[in-house]
Amino acid sequence: MRFAKLVDYLAKLEATTKRLEMTHILADLFKEASEEDIAPIIYLTQERLGPAFAPIDFGIGEALAAEALAKASGKDKDAIKKLYKQHGDYGLVAEKLISDDAKKLTVAQVFERLKQIATTSGEGTVATKTDLLAELLGKVSGREARYVLRIPLGRLRLGIGDPTVMEGLSWSKTGDKTLRPQIERAYNVCSDLGKVAHIFKTEGVDALAKISVAVGNPVRMALAERAKNAEDIVTRLGKCAIESKFDGFRCQVHKQGASVRIFSRNLEETTAMFTDIAEGIRTQIRAQTAILEGEALSYDPETDEFHPFQVTMQRKRKYDLEEMTVKFPLRLVAFDLLYLDGKDLTGEGYAARHATLAQLIAPGERVQIAQHLVTQDAKEIEKYFMQAITGGLEGIMAKRLDSRYQAGARNFNWIKLKRSYQGHLSDTVDGVVVGYLRGRGMRARFGIGALLVAVYDAKQDKFATIAKIGTGFSDAEWLQMRELLDPIKTEHRHARVDAVLAPDVWVEPRYVIEMQADEITRSPIHTAGKIGDEPGYALRFPRVKGFIRADKKPEDATTVGEILKMFEKQGKAMRNDK
Ligand code: ATP
């Protein structure tokens with residue numbers, strides 16, 4: 001496919017905020033794409049060069065883009081900076097400066113060139129990247145140049161999430177969304193939409209069934225539902241396994257001989273940060289190949305006790321890694337096994353997977369099995385819960401004994417029961433920042449005083465607002481927040497955001513924050529769960545806990561569905577209190 005053709009589709013996508021329309025446009029694009037082009041097209045529309053778990057950083061910042069544009073257009077840098085001030089987008093500046101002669105580059109050629117730029121390293125990297133980009137800009141038309149720059153600069157802002165791509169793929173074959181479940185299963189298992197789309201296009205939907213768990217390919221993680229109390233757990237699961245709920249970093253560990261890779265909750269690779277866990281896996285796991293999951297926690301080697309989360313958090317750094325490893329060593333409390341020596345175990349029951357895992361772990365400092373109690377007695381569960389709380393833990397996890405590992409799913413196979421605080425919702429809500437209000441009073445000097453926050457509406461693949469939040473950050477954090485948000489400002493409401501309230505500044509939905517609140521109320525000014533003229537749902541007295549949750553993508557925020565369940569549970573709890 002000609003790159004110019006892809007640009008036609010990108011322009012059409014840009015012109016709409018309606019999800020169904022986007023799905024149809026994508027379906028046409030996927031239909032027209034050749035077998036070779038489909039994966040690159042999917043990566044490019046998501047501003048990437050591969051799946052999210054293998055990020056190839058474009059390495060193209062605004063300064064480099066300006067320099068390349070100067071070279072390609074023959075204009076001096078001051079003139080370019082002036083235009084940028086006017087338009088606020090290098091894509092538009094490029095369109096103005098590059099001539100509109102018809103050019104013939106293909107999608108594959110543009111993709112390869114961007115990849116070449118991204119993988120250039122060594123001495124003189126910046127100069128080489130600039131030359132390569134300038135050369136590419138010289139080979140495209142002005143209209144194409146707009147997207148050639150927007151893609152690596154992360155400025156496409158099309159509002160296409162994974163669910164919309166998956167639905168687009170289904171529509172491209174059947175004219176409806178009936179194939180979405182098969183597509184989604186394959187995606188959950190391999191976390192690579194480009195790969196899924198390629199197989200779907202070349203071999204058809206049935207071939208997707210052959211995508212199975214593979215070492216080195218992170219699996220989208222299974223997630224837990226919430227319970228109100230121990231009885232609720234027994235009613236739902238009957239006899240089940242009760243484990244402590246450890247508050248650290250969720251790790252999915254892939255072992256292939258001596259090579260070990262670790263992925264976080266949102267499938268980012270964290271191997272470099274957690275070298276001590278990797279070493280522990282090499283020495284303590286008696287398997288050639290394995291995929292296991294657990295929670296990594298910092299502990300005190302003197303007392304052998306785990307530290308609270310605030311201490312473990314110190315390990316989330318990109319610098320002083322060695323010093324941190326010595327100061328705050330980590331231990332992995334392993335709870336699940338997905339793959340072992342050539343065999344996919346995700347279809348087996350939890351109890352069997354856990355028992356096999358326990359056998360695999362040799363004694364040592366770095367890895368231990370998550371102990372569990374198998375019971376159907378609510379009183380015993382209650383006791384376990386109280387012990388966990390007294391020990392400073394967050395609560396417990398109950399697991400259905402015969403449940404298979406369901407990649408990417410949140411359901412009652414796993415149930416979390418967390419301690420509740422007086423006057424607090426028993427769980428926190430993870431929200432996505434979609435805008436901010438300029439500060440008044442004390443915060444006027446920061447230029448930011450409150451955030452407009454949304455939850456994820458998974459059905460519509462949109463972000464619906466739930467709170468305006470101005471409590472919980474320190475002065476320094478407000479300033480930091482503003483530094484993070486200003487580069488992702490948008491002129492209008494982002495296509496994926498649903499809101500009645502308009503903040504002073506809209507931003508791209510990118511950062512997730514954790515909020516504590518007193519309760520969930522109905523509210524006409526928020527759109528979470530809003531249907532027609534009915535009011536939506538809002539957080540009462542929200543306050544931020546911690547700073548940004550770097551381990552969550554916007555789509556990992558709390559969903560509208562979860563909010564509705566929390567609202568319902570809160571109603572029941574109140575009725576029980578009376
Ligand atoms: P979620 O991951 O469900 O979106 P969250 O990140 O807010 O939610 P919690 O709701 O507090 O986290 O709990 C789920 C997390 O608890 C898991 O993702 C995992 O990291 C952690 N966890 C701790 N102990 C266990 C355990 N024994 N089994 C499974 N997960 C556990």
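Atoms considered below: every heavy atom in the structure, side chains included; atoms not considered: hydrogens, waters and symmetry mates. We count ligands from 1, going down the list as the structure has it; atoms in each ligand are counted the same way.
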So, does [X] sit close enough to ligand 1 that a heavy atom of it is under 4.0 Å from the ligand?
X: Asp556; value: no
X: Ser244; value: yes
X: His372; value: no

Item to check | Contacts of type side chain to side chain contact (heavy atoms under 4.5 Å, CB included), residue Gln359, not counting sequence neighbours | outcome: none

Would you mind checking if [Y] and [X] are paired as a salt bridge, meaning a charged N to carboxylate O distance below 4.0 Å?
X: Arg496; Y: Glu555; answer: yes
X: Arg180; Y: Glu167; answer: yes
X: Arg353; Y: Glu348; answer: no
X: Glu225; Y: Arg410; answer: no
X: Glu279; Y: Arg366; answer: no

Compare [options] and give the one whose heavy atom is closest to [atom].
atom: atom 29 (C) of ligand 1; options: Lys399, Arg250, Glu293; value: Lys399
atom: atom 5 (P) of ligand 1; options: Glu295, Lys552, Arg226, Glu225; value: Lys552
atom: atom 11 (O) of ligand 1; options: Lys245, Glu394, Gln371; value: Lys245

Checklist entry - Hey, are the side chains of Arg549 and Tyr511 touching, using non-hydrogen atoms and a 4.5 Å cut-off? => result no

Checklist entry - Side chains of Met566 and Asp427: closer than 4.5 Å at any heavy-atom pair? => result yes

Using a 4.0 Å cut-off to any heavy atom of [X], which atoms of ligand 1 qualify?
X: Leu223; result: 2 (O)
X: Asp430; result: 7 (O)
X: Met397; result: 14 (C), 16 (O), 25 (C), 26 (C), 28 (N), 29 (C), 30 (N), 31 (C)
X: Arg410; result: 1 (P), 3 (O), 4 (O)

Next on the checklist: Tell me whether Trp414 has any N or O atom under 3.5 angstrom from an N or O of ligand 1.
Outcome noted: no

Checklist entry - Looking at Tyr43, does the NZ or CZ of Arg48 lie under 6.0 angstrom from its six-membered ring centre and within 45 degrees of the ring axis? => result no

Checklist outcome for this item: residues 379-389 vs side chain to side chain donor-acceptor pair (under 3.5 Å), sequence neighbours excluded, gives Thr375-Glu380

Considering only the protein, which heavy-atom contact is closest to [atom], and what is its distance?
atom: atom 27 (N) of ligand 1; value: Glu243 OE1, 2.8 Å
atom: atom 10 (O) of ligand 1; value: Lys416 NZ, 2.3 Å
atom: atom 4 (O) of ligand 1; value: Arg265 NH2, 2.7 Å
atom: atom 24 (N) of ligand 1; value: Phe246 N, 3.0 Å

Check each heavy atom of [X] against ligand 1 and say whether those closer than 4.0 Å belong to the side chain, the backbone, both or neither.
X: Val333; value: neither
X: Arg549; value: side chain
X: Lys418; value: side chain

Item to check | Contact summary for Ile233 and Cys240, nearest pair of heavy atoms | outcome: CG2-SG, 4.0 Å

